[in-house]
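The figures here come from the full heavy-atom set of this structure, side chains too, leaving out hydrogens, waters and symmetry mates. This structure is a prediction, so every number in the text was calculated from the model and none was measured. The sequence lines fix the lettering, A, B, ..., with proteins before strands; numbering per chain opens at 1.
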Amino acid sequence: SQKIEQNSEALNIQEGKTATLTCNYTNYSPAYLQWYRQDPGRGPVFLLLIRENEKEKRKERLKVTFDTTLKQSLFHITASQPADSATYLCALDPVDSNYQLIWGAGTKLIIKP
Amino acid sequence: KAGVTQTPRYLIKTRGQQVTLSCSPISGHRSVSWYQQTPGQGLQFLFEYFSETQRNKGNFPGRFSGRQFSNSRSEMNVSTLELGDSALYLCASSLGEYNEQFFGPGTRLTVL
């Protein structure tokens with residue numbers, strides 16, 4: 001079956017370290033993949049988009065990689081801060097999605113001071 | 001530019017009732033998507049509208065319906081509410097070809 005997976009367990013990281021979140025997918029040929037941040041009780045906020053022909057994308061302390069061979073995207077937050085604590089969602093747009101994004105369940109990130 | 005707005009923010013209904021939720025997209029955005037989010041299921045796609053036409057629909061029963069108006073504002077309706085419909089309902093609007101979503105704050109629906 002088609003699915004997109006993120007670590008269901010919370011990720012605890014010490015402040016200042018790099019946090020790395022994983023998004024794996026099967027049976028899709030994504031045109032691109034997106035990462036969002038969601039705080040409790042609020043809607044997700046778009047962070048980064050990476051296309052299938054891009055290996056890496058950066059924005060300030062954020063970096064996303066996309067490996068279509070491994071069917072995996074990694075999301076990195078360098079010099080992590082307690083304010084980075086949130087749930088991070090990945091979403092992919094399959095080539096034949098007909099305008100529907102496929103969402104992962106999200107990984108809760110906790111940055112400890 | 002104002003963000004996506006949703007009304008109401010909180011709603012309490014009883015089983016069997018119906019509910020209508022409203023979403024106003026970012027000005028200029030013609031695509032509006034609706035999602036249901038629950039702790040166990042994550043974000044589940046309900047439907048997407050573009051220029052008043054439903055372009056895609058998720059795997060939800062016919063009790064869930066929606067529409068979009070000429071000004072791109074959208075409503076979704078849930079009839080014959082069930083306890084399992086309790087969730088955060090999120091609306092997102094989109095402009096670009098890469099389908100980047102801008103979400104509203106959501107409507108928290110509680111069915112008693």
inquiry  = I'd like to know if B/D85 and B/R63 make a salt bridge, using a cut-off of under 4.0 Å between side-chain N and carboxylate O.
reply    =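 Between B/R63 and B/D85 there is a salt bridge, with a charged N closer than 4.0 Å to a carboxylate O.
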Is it the backbone or the side chain of [X] that comes under 4.5 Å from a heavy atom of chain A, or both, or neither?
X	result
B/Q37	side chain
B/Y35	side chain
B/L90	side chain

ask   = Are B/E48 and B/S31 linked by a side-chain donor-acceptor pair shorter than 3.5 Å?
value =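 A donor-acceptor contact under 3.5 Å links the two side chains.
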message = I'd like to know if the side chain of A/Y36 pairs up with that of A/Q34 as donor and acceptor (distance under 3.5 Å, no hydrogens or angles considered).
response =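 Short answer, yes.
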query = If you count heavy-atom pairs under 4.5 Å with chain B, which of A/A105, A/G43, A/P44 comes out on top?
reply =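 The option with the most such pairs is A/P44.
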query = Once you round to the nearest 0.5 Å, how far does CD1 of A/I4 lie from CG of A/N24?
reply =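 Between atom CD1 of A/I4 and atom CG of A/N24 there are 9.0 Å.
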